[in-house]
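This report refers to the structure that appears directly beneath it.
All ligand and atom numbering here is 1-based and tracks the order in the structure.
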Amino acid sequence: MKKLMLNQKSGLKYSDIETYVTKLKSYQKNFVVFPSSIYINEFVKSGYNTGIQNIAEKTADNQTGEITAPQAISIGVKSVIIGHSERRNNQNETSEVLINKFGEALNNKLNIVYCIGESLVEYKMKNTNTVLFNELDEVLSKIDKSLIKNLYIAYEPIWAIGSGMTPTTLEISTITAYIKDYLSNNNIKAGVLYGGSVNDKNIEELSKIENVDGFLVGGASNDYNKVIKMCEIVNDSTK
Ligand code: PGA
């Protein structure tokens with residue numbers, strides 16, 4: 001069965017959360033949800049496997065506006081997203097920042113979803129493998145690999161995020177195989193997810209790609225009807 005990770009980003013209002021939590025209660029075992037931090041408790045107290053979209057680079061109690069890994073753990077969070085392109089680009093998260101966040105997550109035993117992906121220009125120039133290698137290596141070569149327990153690499157082409165476009169299944173299959181080669185060459189045990197415009201319409205086709213262990217879904221995860229459909233499709237073990 002493919003893993004389903006739901007990155008709600010910053011879309012939902014508090015008034016949407018109660019319905020969402022209620023409608024998906026019987027499906028909650030099928031996915032990990034990454035809500036806005038201010039809604040995390042609503043999910044945790046209803047038994048959802050809940051992650052956080054970001055954590056602070058260090059543990060200290062004088063960081064206004066930050067949420068540290070120990071704080072996330074203390075509320076029941078189990079996983080964290082690191083390296084999402086929206087944070088790399090909008091919050092200028094450099095590899096140094098990502099290495100620090102990785103360290104915090106590993107030291108606090110958070111499961112990690114590490115996002116990598118090329119821009120449209122890089123894709124068109126056929127630089128995808130180089131970009132992915134660099135994004136993997138600049139972080140994974142700097143962390144204590146012995147602490148890795150539960151790591152997923154999410155391949156998310158930047159041009160596919162929120163655009164309705166996806167690479168072909170052959171491209172995804174080839175690129176995720178490349179990522180798996182990197183991982184095995186470096187003795188790293190990790191699953192590989194695909195993310196970028198995954199929805200209830202294309203997830204069945206994407207589920208047929210052998211090297212893909214699951215999906216990181218953004219926009220479509222904010223519509224509980226779409227989530228129900230996606231759960232039903234990935235839950236069908238023949239897929
Ligand atoms: P999308 O986002 O599904 O809306 O393309 C994916 C992501 O950014 O994780």
Side-chain angles (χ1 to χ4, degrees), residues 2-13 16 20 24 27 30-37 39-40 43 48-55 77-93 98 101-102 105 110-120 122-123 128 131-132 135-136 139 151-169 171-172 175-176 179 190-207 209 212-231 233-234:
K2 309 277 184 187
K3 286 264 171 200
L4 202 49
M5 312 259 185
L6 306 179
N7 177 12
Q8 292 188 336
K9 306 192 185 186
S10 45
L12 296 177
K13 300 285 188 303
D16 303 319
Y20 189 101
L24 290 174
Y27 292 88
N30 296 289
F31 56 80
V32 181
V33 63
F34 294 82
S36 280
S37 299
Y39 308 145
I40 282 175
F43 287 88
Y48 281 74
N49 185 345
T50 309
I52 191 163
Q53 296 174 16
N54 176 43
I55 50 163
V77 159
K78 300 221 164 29
S79 309
V80 61
I81 298 174
I82 296 177
H84 193 285
S85 59
E86 286 160 8
R87 294 199 62 85
R88 287 180 192 262
N89 295 331
N90 303 335
Q91 271 73 34
N92 299 321
E93 290 196 349
L98 302 180
K101 292 188 176 192
F102 237 89
L110 283 166
N111 306 327
I112 299 171
V113 178
Y114 179 55
C115 301
I116 57 174
E118 82 285 3
S119 68
L120 189 57
E122 290 160 343
Y123 170 76
T128 299
V131 171
L132 299 186
E135 288 185 340
L136 287 166
V139 171
L151 171 65
Y152 284 92
I153 307 298
Y155 168 53
E156 298 206 304
I158 299 170
W159 54 272
I161 294 176
S163 65
M165 295 190 290
T166 60
T168 64
T169 51
E171 284 172 322
I172 296 174
I175 292 164
T176 47
I179 295 169
V192 178
L193 310 176
Y194 169 74
S197 293
V198 178
N199 57 43
D200 54 318
K201 301 278 186 308
N202 61 15
I203 200 166
E204 180 160 5
E205 193 59 29
L206 295 169
S207 293
I209 307 172
V212 172
D213 302 310
F215 304 100
L216 182 57
V217 183
S221 66
N222 286 340
D223 179 334
Y224 58 80
N225 285 315
K226 291 184 181 169
V227 175
I228 291 172
K229 281 193 204 136
M230 290 190 284
C231 287
I233 293 166
V234 296

| query | Near N7, which atoms of ligand 1 are under 4.0 Å from a heavy atom of that residue? | reply | 9 (O)
| message | Side chains of N54 and K101: any donor to acceptor distance under 3.5 Å? | response | yes
| task | Would you check if the side chain of S36 reaches a backbone N or O of Y39 as a donor-acceptor pair within less than 3.5 Å? | result | no
| field | Ring geometry between Y48 and F43 (parallel below 30°, tilted from 30 to 60°, perpendicular above 60°) | value | perpendicular
| message | Show me which atoms of ligand 1 lie under 4.0 Å from any heavy atom of G218. | response | 1 (P), 2 (O), 3 (O), 4 (O), 6 (C)
| message | Between ligand 1 and G162, is the shortest N or O to N or O distance under 3.5 Å? | response | yes
| request: May I ask you to check whether L216 has an N/O atom sitting below 3.5 Å from an N/O atom of ligand 1? | output: no
| Among all protein non-hydrogen atoms, which one is nearest to atom 4 (O) of ligand 1, and what is the separation to 0.1 Å? | G219 N, 2.8 Å
| note | Taken to the nearest 0.5 Å, the spacing of I228 CD1 from Y27 OH works out to 5.0 Å
| message | Looking at K3, I'd like to know if its NZ atom is crowded, meaning that more than 12 non-hydrogen atoms belonging to other residues, nucleotides or ligands lie closer than 6.0 Å. | response | no
| field | Aromatic ring pairing Y194/F215, orientation class (parallel under 30°, perpendicular over 60°, tilted between) | value | perpendicular
| Should G195 be listed as contacting ligand 1, given a heavy-atom distance under 4.0 Å as the test? | no
| query | Under the 3.5 angstrom rule, does the side chain of D223 hit a backbone N or O of A220 as a donor-acceptor pair? | reply | no
| task | Ignoring hydrogens and angles, tell me if any N or O in the side chain of E135 forms a donor-acceptor pair with the backbone of G117 under 3.5 Å. | result | yes
| task | Could you tell me whether ligand 1 has any atom less than 4.0 Å away from a heavy atom of A160? | result | yes
| message | At less than 4.0 angstrom from any non-hydrogen atom of H84, what atoms of ligand 1 do you find? | response | 7 (C), 8 (O), 9 (O)
| query | If you measure from each heavy atom of S197 to ligand 1, is any distance below 4.0 Å? | reply | yes
| Any N or O of K9 closer than 3.5 Å to N or O of ligand 1 | yes
| task | May I ask you to list the atoms of ligand 1 that are less than 4.0 angstrom from any heavy atom of E156? | result | 6 (C), 7 (C), 8 (O), 9 (O)
| Interfacing atoms of ligand 1 (cut-off 4.0 Å, heavy-atom, G196) | 5 (O)
